[in-house]
Amino acid sequence: MKNLLIIYHSITGGSRAMAQALAEGAAEEMDAEAGIQSLLLQASEATEQHVLQADGYVFITPETLGSMAGLMKDFFDRTYYPVLDNINGRPYAVLVCAGSDGQGAVKQIQRIAMGWRLNLIAEPMIVCTHAQTPGDILAQKIINPGDLERCRELGAAFASGLAMGLF
């Protein structure tokens, strides 16, 4: 049985919607592919045991002040050393719900993944909400259907790749 771990943090709902869409795509593929299961967890709930038991990872975070969200960083802080050298070579993907370019959050996660020696299986997906004013930044986010479909497709592709042993 292959396990896909989807870890996310959401402040205004955008990252949560992206994570749920990705999980739906993975679940659709799991119906067609035997031997795959996924686990969708908030970053604050994820532990080193979850990381060790997974065969692949998707990290989803909002962009916060040009960086990944603090609770996503907390997840990495809590799990980094306990799993170091035990997950080398496993596949991962990154999704960011951004108000601007999201590159800071992507770079932070990629640096951590490089230390874990993970393999990036898709270009980082950045969904830009263009929220720039305090009111827009703090407002609940609605992700457009096209971006949610891209999330679903990535979930399906990741689950399928795990099932086929591509990564």
Side-chain angles (χ1 to χ4, degrees), residues 2-27 37-132 134-143 147-148 151 154-155 158-159 162:
K2 297 278 187 162
N3 298 300
L4 176 60
L5 179 60
I6 304 163
I7 301 171
Y8 77 96
H9 177 64
S10 189
I11 298 169
T12 60
S15 295
R16 180 178 52 248
M18 293 167 62
Q20 289 170 334
L22 187 130
E24 289 168 8
Q37 63 183 18
S38 67
L39 180 60
L40 176 64
L41 287 176
Q42 291 185 27
S44 61
E45 299 172 336
T47 68
E48 64 194 64
Q49 288 306 312
H50 292 118
V51 176
L52 290 169
Q53 293 169 359
D55 298 292
Y57 315 94
V58 181
F59 306 113
I60 306 169
T61 185
E63 172 188 54
T64 305
L65 301 173
S67 302
M68 78 173 107
L71 283 178
M72 182 60 81
K73 181 161 183 322
D74 172 74
F75 156 75
F76 286 118
D77 288 344
R78 288 183 290 106
T79 61
Y80 186 84
Y81 289 108
V83 305
L84 188 63
D85 291 327
N86 291 305
I87 60 172
N88 296 356
R90 295 181 188 176
Y92 82 101
V94 179
L95 286 76
V96 175
C97 183
S100 57
D101 70 5
Q103 291 299 314
V106 168
K107 287 178 185 175
Q108 285 180 305
I109 293 172
Q110 286 181 318
R111 290 188 73 179
I112 292 165
M114 183 173 51
W116 272 347
R117 295 174 185 84
L118 300 179
N119 292 320
L120 186 65
I121 59 108
E123 287 297 314
M125 183 183 302
I126 299 171
V127 173
C128 188
T129 65
H130 304 285
Q132 295 297 308
D136 289 344
I137 291 167
L138 295 173
Q140 288 296 303
K141 304 297 181 288
I142 298 173
I143 305 301
D147 287 326
L148 291 176
C151 295
L154 179 58
F158 206 141
L162 278 178

Checklist entry - Arg90: what forms a side-chain hydrogen bond (donor to acceptor under 3.5 Å, both in side chains) with it, not counting sequence neighbours? => result Tyr57
Item to check | Residue list, side chain to side chain contact (heavy atoms under 4.5 Å, CB included) with Thr79, at least two apart or on another chain | outcome: Glu48, Val51, Phe75, Trp116
Checklist entry - Is any side-chain heavy atom of Leu162 less than 4.5 Å from a side-chain heavy atom of Pro91? => result yes
Item to check | Distance (rounded to the nearest 0.5 Å) between Asn88 CG and Leu118 CG | outcome: 8.0 Å
Checklist entry - Tell me, do Tyr92 and Ile121 make a side-chain contact under 4.5 Å, heavy atoms counted? => result no
Checklist entry - Listed by chain and number, what are the side-chain hydrogen bond (donor to acceptor under 3.5 Å, both in side chains) partners of Asn86, not counting sequence neighbours? => result none
Checklist entry - Applying salt bridge (charged side-chain N to carboxylate O under 4.0 Å, His left out), which residue pairs with at least one partner in residues 69-79 are found, sequence neighbours left out? => result Lys73-Asp77, Asp74-Arg78
Run the side-chain donor-acceptor check on residues 58-71: report pairs under 3.5 Å with partners two or more places apart or on a different chain.
| unit_1 | atom_1 | unit_2 | atom_2 | d |
| --- | --- | --- | --- | --- |
| Thr61 | OG1 | Ala69 | N | 3.1 |
| Glu63 | OE1 | Gly99 | N | 3.0 |
| Glu63 | OE1 | Ser100 | N | 3.0 |
| Glu63 | OE1 | Ser100 | OG | 3.2 |
| Glu63 | OE2 | Ser100 | OG | 3.2 |
| Glu63 | OE2 | Gly102 | N | 3.0 |

Item to check | Partners meeting side chain to side chain contact (heavy atoms under 4.5 Å, CB included) with Thr12 (sequence neighbours left out) | outcome: Gln140, Lys141
Checklist entry - Is there a donor-acceptor pair under 3.5 Å between the side chain of Asp55 and the backbone N or O of Asn3? => result yes
Next on the checklist: Which heavy atom of Asn119 sits nearest to which heavy atom of Gly89, and what is that distance?
Outcome noted: ND2-O, 3.0 Å
Item to check | Heavy-atom side-chain proximity of Leu95 to Tyr8 below 4.5 angstrom | outcome: no
Checklist entry - Which salt bridge (charged side-chain N to carboxylate O under 4.0 Å, His left out) pairs, counting each pair once, include a residue from residues 8-18, with sequence neighbours left out? => result none
Item to check | salt bridge (charged side-chain N to carboxylate O under 4.0 Å, His left out): pairs with one or both residues in residues 98-118, sequence neighbours excluded | outcome: Asp85-Arg117
Checklist outcome for this item: OG1 (Thr129) and CD1 (Ile142) are apart, to the nearest 0.5 Å, by 11.5 Å
Checklist entry - To the nearest 0.5 Å, how far apart are CG in Leu41 and NE2 in His50? => result 5.0 Å
Checklist outcome for this item: Residues passing the salt bridge (Lys or Arg N to Asp or Glu O under 4.0 Å) test with Asp136, sequence neighbours excluded, are none
Considering only distance and modelled atom types, tabulate donor-acceptor pairs under 3.5 Å from the side chains of residues 18-27, sequence neighbours left out.
| unit_1 | atom_1 | unit_2 | atom_2 | d |
| --- | --- | --- | --- | --- |
| Glu24 | OE1 | Arg152 | NE | 3.1 |

